[in-house]
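Some notes on the structure that comes next.
The analysis underlying the following values was restricted to heavy atoms, covering all of them including side chains, and did not include hydrogens, waters or symmetry mates. Along the sequence shown, the residues carry numbers beginning at 1.
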Amino acid sequence: MSKLQAILQQQIAPGVYRFPSRATRATLYEEAEEAGWQLFYLDGAEVDDKASFLTAARDAFAMPGYVGSNWDAFEEEINALTWAPAAGYGVVFDDAANLDDEDEATFATAVDILNTATENWRQEGKPFYVLVRGAGRTGADLRDWPDEAAD
């Protein structure tokens, strides 16, 4: 069983996790789609500040064009996702170290908003997970991948 399968089968609680998987983007999309989930892929390769994070997030979530480029708009939309109905949601944030290294405060704010979204979606009865790859050492509130989860 893959690490993503542990999420899709909800073997661990929703949250924002360090995701030690090397699975390809295509593999992750395929597994999520088979389970009826929507997977959002946020490519952090060029993300190094608030503006570039919000732009990458708008692209990753395929947010409607009217959505503003600010924290309030980002938070509102990831707590709605009306344009992307699914059984559950997963977000893969790759190359997160770029943002964390260049703008630690922005990274921490993004993680905080994403943590709040996982709780809001839990209250709605829908799983929402954020899987962060490549975060390095950070002061942000990321959960470590549980030892008991699939390898």
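- Residues Phe107 and Leu142 are in side-chain contact: their nearest non-hydrogen atoms beyond the backbone lie under 4.5 Å apart.
- A 4.5 Å side-chain heavy-atom check between Tyr29 and Thr24 finds every atom pair outside the cut-off.
- Side chains of Val91 and Phe61 form a contact here, defined as non-hydrogen atoms less than 4.5 Å apart.
- Under the 30°/60° scheme for interplanar angles, the aromatic rings of Trp145 and Tyr17 are found to stand perpendicular.
- For CD of Glu46, the number of neighbouring non-hydrogen atoms (other residues, nucleotides, ligands) closer than 6.0 Å is 12 at most.
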Audit row: Leu39, Val92, side-chain contact (heavy atoms from CB on, under 4.5 Å) steps and yes/no: CA-CA 7 Å; Leu39 183 73; Val92 175; 3.8 Å; yes

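- Between Ile78 and Leu114, some side-chain heavy-atom pair lies under the 4.5 Å cut-off.
- Summarising the geometry, atom CG belonging to Asp49 is positioned 9.0 Å from atom CG belonging to Leu54; distances are rounded to the nearest 0.5 Å.
- Considering all non-hydrogen atoms of both residues, Ala56 and Val47 come closest at CB-CG2, 3.6 Å.
- By the 30° and 60° cut-offs, the orientation of the rings of Phe53 relative to Trp71 is tilted.
- In this structure, the separation between CG on Asn79 and CD on Glu119 is 10.5 Å, given to the nearest 0.5 Å.
- A pairwise comparison of heavy atoms in Ala87 and Ala35 identifies CB-O, 4.3 Å as the closest pair.
- Distance CZ/Phe128 to OG1/Thr116: 10.5 Å, rounded to 0.5 Å.
- Looking at Met63 and Phe74, their side chains come closer than 4.5 Å, going by heavy atoms from C-beta outward.
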Trace of the side-chain contact (heavy atoms from CB on, under 4.5 Å) decision for Leu131 with Leu4: CA-CA 9 Å; Leu131 310 172; Leu4 186 60; 3.9 Å; yes

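- Without hydrogens or angle criteria, Trp83 side chain to Ala62 main chain gives a donor-acceptor distance under 3.5 Å.
- Between the side chain of Tyr89 and the main chain of Ala84, a donor-acceptor pair closer than 3.5 Å is present.
- Side-chain contact, Thr55 with Ser52: no donor N or O sits under 3.5 Å from an acceptor N or O.
- Note: Leu81 CG to Lys126 NZ = 9.0 Å, rounded to the nearest 0.5 Å.
- Contact of the Arg18 side chain with the Asp144 side chain is registered, since non-hydrogen atoms from C-beta on lie closer than 4.5 Å.
- Heavy-atom neighbours of Gln10 CD from other residues, nucleotides or ligands within 6.0 Å: above the threshold of 12.
- Listed here is the closest heavy atom pair of Ser69 and Arg58: OG-NH1, 3.3 Å.
- The minimum heavy-atom distance linking Asn98 with Gly44 is given by the pair ND2-O, 2.8 Å.
- For the pair Leu99 and Asp48, the minimum side-chain heavy-atom distance is 4.5 Å or more.
- Judged by distance alone, the side chain of Thr27 and the main-chain N or O of Ala23 form no donor-acceptor pair under 3.5 Å.
- Counting only residues at least two apart or in different chains, salt bridge (Lys or Arg N to Asp or Glu O under 4.0 Å) contacts with residues 73-96 comprise Asp94-Arg133.
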Val16 vs Tyr129, side-chain contact (heavy atoms from CB on, under 4.5 Å): CA-CA, chis, key distance, verdict: CA-CA 6 Å; Val16 181; Tyr129 292 83; over 6 Å; no

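- Within the 4.5 Å cutoff, side-chain heavy atoms of Pro20 are placed close to those of Lys3.
- For the residue pair Tyr41 / Arg25, no side-chain donor-acceptor distance below 3.5 Å is found, with atom types taken as modelled.
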